[in-house]
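Following: one structure in structure tokens, then a few remarks.
Both counts, for ligands and for their atoms, begin at 1 and track the order of listing. Keep in mind the model is a prediction, meaning the values are calculated, not measured.
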Amino acid sequence: MLKLYNTLTHKKEVFKPLHNKKVGLYTCGPTVYSYAHIGNLKTYIFEDVLKRTLLLNGFQVKHVMNITDVGHLTSNADTGEDKIEKEAKKEKKSAWKIADFYTKAFFKDIQKLNILKPDIIAKATDNINEDIQLIQELERKGFTYRTSDGIYFDTSKLKDYGKLTGMNFQKLSQTLKAGSRIEFSPEKKNITDFSLWKFSPKNIKRQMEWSSPWGIGFPGWHIECAVINLKFLGKAFKGKRFLPKKATTIDIHCGGIDHIPIHHTNEIAQVEAVTGKRFVNYWLHGEFLKLPKKRMGKSENNAILLSDLEKTEYSPLAFRYLVLNSHYHTPLEFSLKALKASQESLNNLYSFVYDCLWFSKKQKTRKDQTFEIAKYQKEFKEAINEDLNTPQALAVIWKLIKMYYDSASINPQAVYKLALEFDKIFGLGLDKIKLILLSPTIKKLLSQREQARQNKQWEPADQIRQKIEKAGFKVEDTILGPKVVKKNWF
Ligand code: AMP
Ligand code: ZN
């Protein structure tokens, strides 16, 4: 039984998909005007664990992610510049090139973090016609109005607007007013109203713009995600035709917590206004990665990138370990000290997996005692199925390791297989650990060292060990002779 915390109902609920074993999963993708920072990446790791957990539970997952390559403005109040156009000016490149470059960079980053690629990746700029159709339908139903700079959604027309936040219309409006640092356009009827279609500014030539029934312009950020959901998961488009009555509810939608009051609230508003049906059954949100006392963000100018971490001695997967070691629902404070500790734990995990492999090869000499595999599997599954409790699941693998080292007669192959099974959720690359094929030079050094040790010539033996270490290996003396391991696994 998989339980997930649903932002919409404020409860942990048993997950039941709409269509038997098939699950539709939507994760909001990056706005591709710069590199993703490690805060963004924390959210993608949490979503990856969710997807892997669904797969572990035997569900078939259709995972859709959008790429926001137009329409995300520098301010959430529908003012300011388009982030991508702004970056294009700064870098003196075309907006298309900027979007393409940072999209590729994003997928390189998520690959380094062992995040599974979505089944469908949909660019906002490939779905403009669909955006226009959804806006037309909203217009037909009387949810829109026109201002001098665009077409807006009138949030007062929807009776349960803002339900994802747990606040009513008045309370949400007050909260947004209180939290806002900028002036809202006086033409907006309500502070919560948002743009569906923005007109290209009269005095500035935009690179990304399209004609529409309302004038030349570009779609708002929230309509893009609504449309991509409706198209690829909600089955509301037949070819190019929009059939809102046919739309189906979507199983799961996620993102970071910052998306709750505006982006996701507005996605719900647009979709439910035209379909009259519940848009999404389970909303999941990941808490923020923070720096001491501060949030991390591109706009706060304190963004740390994966490439910054790669310049240190720590690997991207050490960052993944750090994220797994805290629950997705609690904020995580980032520090190099914590990353260092994660790298050490990861190295220990790799060494343990290697040990299992190495002893498996020499199994004749290690007894073949079995252990209660099912007990560990159950404990692990219970942890991960309890709203993705990754710290608890990690504790299970550490318990397995302790049991393995405490008992010299456990079957290493069985332990190895179980660790790899757990890693289907962790994605820490345990399956990449292979037996080391030693080069003739290292083999020769090893036998010289053994000879020296047998003759009790400790100093030469130590010098040879140092030579082996220089070549990137460590020698560990075991009851079955010397075991060579890598100093750094990756
Ligand atoms: P963006 O590219 O700004 O649309 O953000 C991509 C994802 O990262 C969204 O799901 C955001 O909610 C999430 N996000 C943004 N900042 C942070 C942070 N500091 N920690 C965790 N997630 C974040
Ligand atoms: Zn989105």
**Request:** Scan side-chain atoms only and decide if Q343 and S315 contain a donor-acceptor pair under the 3.5 Å cut-off.
**Result:** yes
**Prompt:** According to the interplanar angle, ranging from 0 to 90°, do the rings of Y44 and F106 count as parallel (below 30°), tilted (30 to 60°) or perpendicular (above 60°)?
**Reply:** perpendicular
**Asked** Out of N40, L332, N66, I304, who gets a non-hydrogen atom closest to atom 14 (N) of ligand 1?
**Response** N40
**Prompt:** Mind checking what makes ring-ring contact (aromatic ring centres under 6.0 Å, His included) contact with F232, not counting sequence neighbours?
**Reply:** none
**Message:** What verdict does the side-chain contact (heavy atoms from CB on, under 4.5 Å) test give for I216 and F199, after you've listed the backbone C-alpha separation in whole Å, the side-chain angles of each residue and the deciding distance to 0.1 Å?
**Reply:** CA-CA 6 Å; I216 292 176; F199 303 137; over 6 Å; no
**Message:** Any non-hydrogen side-chain atom of K62 less than 4.5 Å from a side-chain atom of K22?
**Reply:** no
**Prompt:** Looking at atom 4 (O) of ligand 1, what's its closest protein heavy atom, distance included?
**Reply:** T31 OG1, 3.4 Å
**Prompt:** Would H37 count as a contact of ligand 1 if the rule is a heavy atom under 4.0 Å away?
**Reply:** yes
**Fill in**
the protein heavy atom lying closest to atom 20 (N) of ligand 1 turns out to be L289 N, 2.9 Å
**Prompt:** Does T68 reach the side chain of N66, with side-chain heavy atoms less than 4.5 Å apart?
**Reply:** yes
**Near the Zn ion (ligand 2) (under 2.8 Å) - protein N, O or S atoms** = C28 SG, C225 SG, H263 NE2
**Request:** Mark up the atoms of ligand 1 that fall under 4.0 Å of a heavy atom belonging to P30, in ascending order.
**Result:** 2 (O)
**Asked** For T43 and ligand 1, does the shortest N/O to N/O distance drop below 3.5 Å?
**Response** yes
**Message:** Is it the case that ligand 1 has an N or O less than 3.5 angstrom from some N or O of G256?
**Reply:** yes
**Request:** Give the atoms of ligand 1, by number and element, whose distance to some non-hydrogen atom of G39 is under 4.0 Å.
**Result:** 17 (C), 18 (C), 19 (N), 20 (N), 21 (C), 22 (N), 23 (C)
**Item:** Donor-acceptor side-chain pairing of N266 and Q270 below 3.5 angstrom
**Value:** no
**Complete:** min-distance protein heavy atom vs atom 9 (C) of ligand 1 -> H259 NE2, 3.4 Å
**Prompt:** What protein heavy atom is closest to atom 7 (C) of ligand 1, reported as residue, atom name and distance in Å?
**Reply:** Y44 OH, 3.7 Å
**Request:** For F288, enumerate each residue passing the ring-ring contact (aromatic ring centres under 6.0 Å, His included) test, keeping only those at least two apart in sequence or located in another chain.
**Result:** none
**Asked** If you look at every heavy atom in E272 and F279, which pair is closest and at what distance?
**Response** OE2-N, 2.7 Å
**Item:** Check: Q111 and I115 side chains under 4.5 Å, non-hydrogen atoms
**Value:** no
**Request:** Output every pair passing ring pair (Phe, Tyr, Trp, His ring centres under 6.0 Å) with a member in residues 74-96, not counting sequence neighbours, ordered by first then second residue.
**Result:** none
**Asked** Which ligand 1 atoms are under 4.0 Å away from a heavy-atom of G255?
**Response** 10 (O)
**Item:** For atom 19 (N) of ligand 1, closest protein heavy-atom neighbour
**Value:** M296 O, 3.0 Å
**Message:** Looking at F59, I'd like to know if the NZ or CZ of K21 sits under 6.0 Å from its six-membered ring centre while staying within 45 degrees of the ring's axis.
**Reply:** yes
**Request:** Could you list the atoms of ligand 1 found under 4.0 angstrom from a heavy atom of D258?
**Result:** 11 (C), 12 (O)
